[in-house]
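Every chain is numbered from 1 and lettered A, B, ... according to where its sequence line falls, protein lines coming before strand lines. Computed from a predicted model, the values in this text were never measured in an experiment.
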There are 6 protein chains.
Amino acid sequence: MTKILIVNPNTTTSMTETIGAAARVVAAAGTEISAVTSAMGPVSIEGYYDEAFAVPGLIQALMNARDADAGIIACFDDTGLDAARTAAPFPVVGICEAALITAGQIAKRIAIVTTLPRSIVPLEELVRRYGFAERVQVTACDVAVLDLEKPGSGAEAKLEAEIARALEKGAEAIVLGCAGMADLAQKLSRKFGVPVVDGVAAAVKQAEALAGLKLTTSRRGSYASPGVKNYTGILQPFAPKASG
Amino acid sequence: MTKILIVNPNTTTSMTETIGAAARVVAAAGTEISAVTSAMGPVSIEGYYDEAFAVPGLIQALMNARDADAGIIACFDDTGLDAARTAAPFPVVGICEAALITAGQIAKRIAIVTTLPRSIVPLEELVRRYGFAERVQVTACDVAVLDLEKPGSGAEAKLEAEIARALEKGAEAIVLGCAGMADLAQKLSRKFGVPVVDGVAAAVKQAEALAGLKLTTSRRGSYASPGVKNYTGILQPFAPKASG
Amino acid sequence: MTKILIVNPNTTTSMTETIGAAARVVAAAGTEISAVTSAMGPVSIEGYYDEAFAVPGLIQALMNARDADAGIIACFDDTGLDAARTAAPFPVVGICEAALITAGQIAKRIAIVTTLPRSIVPLEELVRRYGFAERVQVTACDVAVLDLEKPGSGAEAKLEAEIARALEKGAEAIVLGCAGMADLAQKLSRKFGVPVVDGVAAAVKQAEALAGLKLTTSRRGSYASPGVKNYTGILQPFAPKASG
Amino acid sequence: MTKILIVNPNTTTSMTETIGAAARVVAAAGTEISAVTSAMGPVSIEGYYDEAFAVPGLIQALMNARDADAGIIACFDDTGLDAARTAAPFPVVGICEAALITAGQIAKRIAIVTTLPRSIVPLEELVRRYGFAERVQVTACDVAVLDLEKPGSGAEAKLEAEIARALEKGAEAIVLGCAGMADLAQKLSRKFGVPVVDGVAAAVKQAEALAGLKLTTSRRGSYASPGVKNYTGILQPFAPKASG
Amino acid sequence: MTKILIVNPNTTTSMTETIGAAARVVAAAGTEISAVTSAMGPVSIEGYYDEAFAVPGLIQALMNARDADAGIIACFDDTGLDAARTAAPFPVVGICEAALITAGQIAKRIAIVTTLPRSIVPLEELVRRYGFAERVQVTACDVAVLDLEKPGSGAEAKLEAEIARALEKGAEAIVLGCAGMADLAQKLSRKFGVPVVDGVAAAVKQAEALAGLKLTTSRRGSYASPGVKNYTGILQPFAPKASG
Amino acid sequence: MTKILIVNPNTTTSMTETIGAAARVVAAAGTEISAVTSAMGPVSIEGYYDEAFAVPGLIQALMNARDADAGIIACFDDTGLDAARTAAPFPVVGICEAALITAGQIAKRIAIVTTLPRSIVPLEELVRRYGFAERVQVTACDVAVLDLEKPGSGAEAKLEAEIARALEKGAEAIVLGCAGMADLAQKLSRKFGVPVVDGVAAAVKQAEALAGLKLTTSRRGSYASPGVKNYTGILQPFAPKASG
């Protein structure tokens, strides 16, 4: 039995349900998915400010489930990923990184279609850090995250139009740039006849892979455990482990 | 009168005093320096985990002083810089970025000498984002941040030895990679006969420059103001401004 | 049941056995591993020349097993990977790419330790193409591929010495740079206290991931199926599919 | 009192006046601006050839004012900047570099709008050297440098149209790509509602910053003082200092 | 007398004739051109699969002519170039690399116009490896390789239209991206008034250059001669030399 | 008959003789070499300052010989190359660029061994611009340019020691980083058993190649002819051609 903890780092529980359902569709037979909502932070994560304020809540949620075999941060900005890797006793997977390395094995040129234009530059910075700068175009369909869930918002039509544009410009595969799109991948793949990768599903398989290989975060160098020190004020949710 | 707010994003007040003093030494005649300590977060910032938990406190501190003409984040990781720029009504300067762009105008090859080895990779990531990957080497003198303030810790000797090594390897200027070294720049510059740049001092001049040019953060694209939305739980210190 | 075909593109069957065994150790419950040896090509792959002459045999072997759910090329040079993806009706995983994307989720700085120095530059070219140039060092332990299997060759001691050097220079995780090292990963990981990633094992999990996600190679652009055309002479082992 | 020497490296004195006026608007209380015209060289600098022939004159002009606290080269190609830094006893600021590092602190994506298309590639080379390749687009409004000063040339309308196009393509801030546009920044900023950075103004603040920090060009490595040697023929305007 | 062997790695002899003729037009007085067709492989090379299956035949053809002073691989993908350099006792030139380094000395921005869109990504990968990523755009005129030879296919008109588009987007010189276009360079250059570089002609001059300088492939490191080992099965066309 | 003009941009005539002799050794039967010394500028070019002051003289020298078929700038910094290409009616070759593109066809990893350490950074900047950053190491043997000609200076021994160090670090070919070393290439190649490339010889072959291909500098974009304008003062050696 492999226990995978998925944290939705925004506080919208309906989105957590979408995420959990998408994860369970692809989970292997022996995998148990637990999807939780962060207890503090913004209702949706759109831009640098929301990212920053989502991190403490998501790390708290990861730490509450210390018996997981792997964790997933279900926000496409991979917010807090490095901090989470430093702190969690299990490997932690980001859905943007998981989607890119998955898509990168089945296509050369990839388009990420995200929600709002303000997320393009933060995602481009991620893409560069993950080594995909020469292969990935980031584009936005101009839909607010929470509108993805609203019938009548026209969100899906806008997403489809943006995918069509990306394919015309040479994309060979599509990556859905928001956890809230997790339920649309298969339908869109059929419609456009190209691989469409959802980060949540991709992350489940990467989490299973790391757990199956019994690999966890290195404690040498950048991901060394946090030092034993005072964290003043309201933000000291748990005792960090001593550096090993 | 130009009001510059410097936030020390760790909670160690003695370090705030060192920072404030270093800032006042270089401030122009009409500049008023206000150095404040974050009310929540770690006593020192060493690695990704500490960075993440320092951000809400530092942004809170920036927002408490809405009448500043410019803000400075006095941690060499420039933690929270993008989030702060998104939220603050005045320009915000990071001491790593300020130090690099200053040193970059007086030398081609630069060495950043920081504290612990675990900070090397995070700083290399910053260096790359700021466009200095081909010109900067990051190295560590293996001194914990708080030991910089302890007489008898041998911190200064270790720092000097690391600077000597960096110069031997071709560095043409030195950047001090921790706000806690702010008082040492001039002494080290005299000792080694090369420019030694302290980020706090450099940031004061960049803050004065932006204020003097009446420039502030662009609200188009990546730094658009945070949306009006709910921030659930304990972490909603203030109402973000509506996006312009 | 997921059928994974692993092709050893050199003609040494004892190495195919090592590879198959390593794959079965990490395969999930429902995965069936089939490890085959290429019928033509060099006994070991060391350098550009051997790579080129190994490709037709390995593609022939992949095409012989058209009912696989995923294929793996078990040579760390990922030789023929792009051609194989173009031709095979199932996704194809390279062990170098799989090892890097796995290691990249648990460490920032990675060292690949390969066999002969002549393979360093070809691997550095792969590393760059996969987007890991800034995070990976390639080094060689100066052991010929087939000596890995010879008791008394001192191969393992040389490998360990090279790993020790790489860790000293800042590596946070080790990737074993030859399929012939597949049986050593766990032992070395225990010895050095860091993650040691074997490409064969990593590739099995990536193959399971792609099969589990029902994703296969995109047929748009670079990986479009080969055209229907004449392949003159001895080298026309099968009819390529018409481009879709 | 900080003495800043601005050299206009083309020989058009009316442009020197525009530059000097723009500099004085932003200069701090204790700063004295001296704007001089190069005695030899082209009337405007458009392309590699003009750049090369402007350098000796501008270095001569810098060396004539050895008591300055900082120097500025007021041509957006930053022509001769490295040579000037090697020779001048005070720090030297380039207006392109100054504009980029200023804009880079208030926006992620920047557009440089220059004069003639032939300057696009030289500026792109500068942008890359300064580390801004991933953040900056260079574009031209197709106006000759000297037409910027001619009423009725339609220059300003063309410049505005090009700025509008750049914003549409995602620019978050504008950098004016010619010293001859120095008087337009504030007006354009108001018109378009985004930061518009003029290099001359930005350079004045960087020069004040370096002077205020008592930093000058490193003499180690690339910027070592010129050797004591013969400069044959007409081009030996002064005795270079011995290397320190 | 300098003997240059040109191998057409596809099996279409009429294309070999075009290539040979284009080579003889530019060959120096003392140069003897020998153009041969590979005995095995595809009739045209379009994409990764065709590339892989063309390599053994082309290396066989190179090795059959061991008394050449230099060899040329006349396929714009430079397929098998590294393997050929490892094996051949004379220097080997690729027509893509030769065209780029030639065009790069007479223009800053270059457009490669190739045949089918599926070749764009493979060529972009070559362009990056050769260090031209920042200067070269790759585009396709959507003509199959063999259609270049068919009167009435409209190939030439499509090629011209694509060249016109590339010039509009800023290209300063054109590189013809297929050996089958070798006869068109001069005509197109006259028509468009810009340098048009054909890879075959460029490669002849690079081959003459290397032969004239008495330079041949280094045997240190990446291009060390193939080891003495078994090449099982049908693919062992000759005895590789012992590593020096 | 192909007329190649080589300009030595420093004023040391004995070095011009060395350069001319090295050029004639490799020139083809129909090539006429003319080697001239610049009439103004420094006696040797070491660093940015010398480079800048050498340019007007070398361009003057190029323009004095308008009937050449190709020109060569015989200083390894390729100083003034872009300006010369803009102005000269024939193609212009730089010896650094020529050496790198030649060595790049026979080796993957290259070391440039230059004279003084102060030239390392300027050459690294060239290497990056030419796209060789990932393949080239620049190193200095700490010999002043003019000492290369002085018997008893120990220059040759220092050069050999530096070459040995570079080979140990993985270089597969050596490029001599100064025109004054032009006579040493063959001897060093024999001694070390690796290709040693001299820029002057390499440039002669590139000049012959461009002339043989009847290619000259593009006049679109960056290398457009200089505009018709006033060049004030002593520096107007000739009337630039009107832009075409």
Side-chain angles (χ1 to χ4, degrees), chain D residues 10-12 37-60 79-88 116-122 124-125 128-129 144-146 220-227 229-237 240 243, chain F residues 10-12 37-60 79-88 116-122 124-125 128-129 144-146 220-227 229-237 240 243:
Chain D
N10 74 36
T11 55
T12 301
T37 309
S38 175
M40 50 193 188
V43 288
S44 62
I45 298 178
E46 295 162 324
Y48 295 116
Y49 182 88
D50 295 355
E51 281 190 46
F53 279 86
V55 176
L58 88 84
I59 289 183
Q60 177 75 72
T79 188
L81 182 56
D82 283 329
R85 282 180 178 157
T86 301
L116 294 182
R118 72 184 304 155
S119 292
I120 291 178
V121 169
E124 286 175 345
E125 292 176 332
R128 196 170 313 125
R129 245 171 57 202
V145 169
L146 297 184
R220 288 181 67 92
S222 358
Y223 289 138
S225 298
K229 63 175 74 168
N230 272 332
Y231 291 79
T232 311
I234 60 178
L235 280 168
Q236 186 167 20
S243 182
Chain F
N10 74 36
T11 56
T12 302
T37 308
S38 175
M40 50 192 186
V43 287
S44 62
I45 299 178
E46 295 162 323
Y48 296 115
Y49 183 88
D50 294 355
E51 280 191 45
F53 277 88
V55 176
L58 88 86
I59 290 183
Q60 177 75 69
T79 188
L81 182 56
D82 283 330
R85 282 180 178 158
T86 302
L116 294 183
R118 71 187 302 156
S119 291
I120 292 178
V121 168
E124 286 175 344
E125 291 176 332
R128 196 171 311 124
R129 245 169 60 201
V145 170
L146 297 184
R220 287 181 67 92
S222 357
Y223 289 137
S225 297
K229 63 175 72 167
N230 272 331
Y231 291 79
T232 311
I234 60 178
L235 279 168
Q236 187 167 22
S243 182

Going by the rule side-chain contact (heavy atoms from CB on, under 4.5 Å), which residues pair with Thr11(F) if we only count those two or more places apart in sequence or in a different chain? Thr232(D), Val43(F)

For chain F, which of Ala83(D), Ala52(D), Pro42(D), Ser38(D) has the most heavy-atom pairs under 4.5 Å? Pro42(D)

Going by the angle between their ring planes, with limits at 30° and 60°, are Tyr49(F) and Tyr231(D) parallel, tilted or perpendicular? perpendicular

Nearest 0.5 Å, please: how far is OG in Ser222(D) from CD in Glu124(F)? 8.5 Å

Spell out, as yes or no, whether a donor-acceptor pair under 3.5 Å connects the side chain of Arg118(D) to the backbone of Ser225(F). yes

Which pair of heavy atoms, one from Lys229(D) and one from Ile45(F), lies closest together, and at what distance? NZ-N, 4.4 Å

Segment of Ser44(F) engaging chain D (4.5 angstrom heavy-atom cut-off): both

To the closest 0.5 Å, what do you measure between CG (Asn230(D)) and OG1 (Thr12(F))? 9.0 Å

Step by step, work out the side-chain contact (heavy atoms from CB on, under 4.5 Å) result for Asp82(D) and Glu51(F). CA-CA 10 Å; Asp82(D) 283 329; Glu51(F) 280 191 45; over 6 Å; no

